[in-house]
Amino acid sequence: MEEAGKNTDLTRKIRFLLRDGDMTAYVVAARPDPGMEYTKGDFYAALEKNGIRTGIRESRIAAILKKKIYDREVLIAEGTPVQNGEDAYFEYRFELNTKNRKPEIREDGSVDYTSINAITCVNEGDVLAVYHPPVQGKPGETVRGKVVMPKPAKDVRPFMTVGCYYNENTRMYTANISGRVEVNNNKLSVMNFREFQQDIDNVFGDVYFNGDILIHGSVKPGVKIVAEKTVTIDGSLEGSDVVAKGDILIRGGVMGAGSAKIESGGDILMDFVEYATVKAGGNIRANSFLDSKVEAGGTVQATGKLGAIVGGSVFGLSRVEC
C-alpha cells in the first residue's frame with residue numbers, strides 16, 4: 001500500500017458514506033486546493049481512519065486519481081453479503097390433499113365427480129416422501145470487517161410411521177404395505193382399506209370396515225355400507241344406506257327411491273341425488289338435488305352452471321348455493 005503523500009491534510013477532504021448496514025461504502029473526495037493532488041496513500045489512510053478494511057475496490061481509487069473525480073459519490077468498498085440457508089422439508093410423492101383438488105367441468109357446465117379422489121392409494125414399495133435436510137447459510141462481512149451470521153436453517157421433525165419405514169441412507173419414506181396413505185400432524189401412515197371390484201347387492205350383504213371402503217361398482221337396493229373413515233363408490237347408489245365418519249364420494253349419483261340414507265362426518269360429493277336423505281357434518285355438493293332431505297354442517301352446493309334444487313328440504317348451516 002502506497003504511503004500518504006506530503007499533503008497529509010488532504011485525508012481530511014475525503015469522507016465516506018456507509019449504507020446497507022455497513023455493507024457498502026461510498027467515498028466523496030472534495031476538490032483539492034490548487035497545486036495539491038491526492039495520492040493512493042491519502043485514500044488508504046482515510047479508509048483506515050474510518051475503519052473500512054474489507055472489500056476495497058482499488059480500481060475505483062485509481063479511477064478517481066486518474067480522472068480527477070471530485071465532489072461525487074463513488075462506490076469504494078463492498079462487503080460480503082450473507083448467504084441464507086434453506087430450511088428442511090419433505091418432498092411428497094403422492095397427492096397430499098385430495099379435498100382441495102378441483103374437479104373437471106363438463107361441456108354443459110356440470111361437475112364431473114369421477115375426476116375427484118376421496119383417498120390416495122399407494123402400493124407396497126412406493127416412495128411416499130423424501131426428506132431434504134437443512135442447508136446452513138454462509139456468514140457475511142461488512143466493509144468494517146464485522147462478521148454477519150445468517151439466520152439458522154430450521155430442521156423438521158421426522159415422521160412417526162405406520163405401514164411405512166424410513167431409510168437413513170436414501171432419506172426416503174417407503175410403503176411397507178399397499179393401502180391408503182395419509183399425513184396427520186407428524187404421522188405418516190399407510191392403512192389397509194377394503195376394496196371391492198364388483199357391485200354390492202343383497203347377495204353379497206352389508207359391508208362394515210374400521211377404515212376406508214372403496215367400491216368399484218354400484219351399491220344395489222337394501223344394502224348398508226358402514227366405514228370408520230371414507231367411502232368411495234365409483235358407480236351409483238340405489239336405495240341403500242351409507243354411513244361414514246369421513247368423506248363420502250358417490251361418482252355415479254344417488255337414486256334413493258325414497259329410502260336411501262347417506263350420513264357423513266365429513267363432506268359428501270355426488271353426481272346427483274334423488275329421493276334420499278343426506279346429512280353431513282361438512283359440505284354437501286352435487287349437480288342436482290331432487291325431492292331429497294338434505295342437511296349440512298357447512299355448505300350445500302348445487303354445482304355447475306345448471307345446478308338445481310327441485311323440491312325437498314335443504315339446509316346448510318353456512319349457506320346454500322344454487
Side-chain angles (χ1 to χ4, degrees), residues 90 92-101 103 113-124 126 128-129 159-165 173-200 204-220 223-237 240-254 260-271 273 276-286 294-300:
F90 292 113
Y92 295 101
R93 297 290 180 88
F94 61 92
E95 189 174 6
L96 188 60
N97 195 339
T98 55
K99 275 193 174 185
N100 291 336
R101 179 180 174 184
Y113 284 96
T114 63
S115 66
I116 300 175
N117 290 321
I119 63 175
T120 300
C121 299
V122 296
N123 296 315
E124 179 182 352
D126 285 353
L128 308 178
F159 282 123
M160 294 183 290
T161 58
V162 174
C164 57
Y165 66 94
Y173 289 85
T174 305
N176 272 334
I177 60 174
S178 297
R180 179 226 180 138
V181 62
E182 180 181 72
V183 177
N184 189 3
N185 294 326
N186 197 50
K187 188 176 182 181
L188 179 64
S189 307
V190 180
M191 298 164 288
N192 286 322
F193 66 97
R194 291 292 303 274
E195 185 175 16
F196 302 92
Q197 301 293 340
Q198 73 277 8
D199 294 343
I200 306 298
F204 189 93
D206 297 339
V207 178
Y208 296 84
F209 189 60
N210 61 356
D212 302 280
I213 295 176
L214 176 57
I215 301 171
H216 293 297
S218 296
V219 178
K220 300 301 181 179
V223 176
K224 188 168 186 177
I225 309 294
V226 179
E228 284 292 312
K229 293 200 172 180
T230 67
V231 172
T232 300
I233 301 171
D234 286 347
S236 60
L237 178 73
S240 297
D241 296 345
V242 178
V243 179
K245 289 186 178 180
D247 297 338
I248 296 175
L249 171 59
I250 306 173
R251 292 189 169 102
V254 177
K261 294 181 181 179
I262 305 163
E263 186 172 347
S264 166
D267 296 341
I268 299 177
L269 307 176
M270 307 164 285
D271 192 344
V273 57
T277 299
V278 184
K279 184 176 181 180
N283 305 310
I284 298 175
R285 293 187 174 90
V294 181
E295 182 180 336
T299 299
V300 176

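Sequence positions, counted from 1, serve as the residue numbers for this chain.
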**Min side-chain heavy-atom separation Val190-Leu128 under 4.5 Å** = yes
**Request:** Examine distances only and state if a side-chain atom of Asp241 and a backbone atom of Lys261 form a donor-acceptor pair shorter than 3.5 Å.
**Result:** yes
**Request:** Kindly determine whether Tyr173 and Tyr165 satisfy ring-ring contact (aromatic ring centres under 6.0 Å, His included), including the steps that lead there.
**Result:** CA-CA 5 Å; Tyr173 289 85; Tyr165 66 94; 9.0 Å; no
**Message:** Run Phe209 and Phe193 through ring-ring contact (aromatic ring centres under 6.0 Å, His included) and show every step you take.
**Reply:** CA-CA 8 Å; Phe209 189 60; Phe193 66 97; 8.4 Å; no
**Request:** Taking the side chain as every heavy atom from C-beta outward, state whether Asp267 and Ile284 have any pair of such atoms under 4.5 Å apart.
**Result:** no
**Message:** Consider side-chain contact (heavy atoms from CB on, under 4.5 Å). Of Leu237, Val223, Ile213, which one does Ile200 pass it with?
**Reply:** Val223
**Request:** Using atom types as modelled and distance alone, determine if a side-chain donor or acceptor of Ser218 lies under 3.5 Å from a backbone N or O of Ser236.
**Result:** yes
**Message:** Taking the side chain as everything from C-beta on, heavy atoms only, tell me whether Phe94 gets closer than 4.5 Å to Val183.
**Reply:** yes
**Asked** Are Asp212 and Lys229 close enough for a salt bridge, meaning some N to O gap below 4.0 Å?
**Response** no
**Request:** Find out whether Ile268 and Val273 are in side-chain contact, i.e. whether some heavy atom of one side chain is under 4.5 Å from a heavy atom of the other.
**Result:** no
**Prompt:** So do the side chains of Leu269 and Ile250 get within less than 4.5 Å of each other, counting heavy atoms only?
**Reply:** no
**Message:** Suppose we screen for salt bridge (charged side-chain N to carboxylate O under 4.0 Å, His left out). Which residues come up paired with Glu195, at least two apart in sequence or across chains?
**Reply:** none
**Message:** So, using ring-ring contact (aromatic ring centres under 6.0 Å, His included) as the criterion, who are the partners of Phe196 when residues are at least two apart?
**Reply:** Phe204
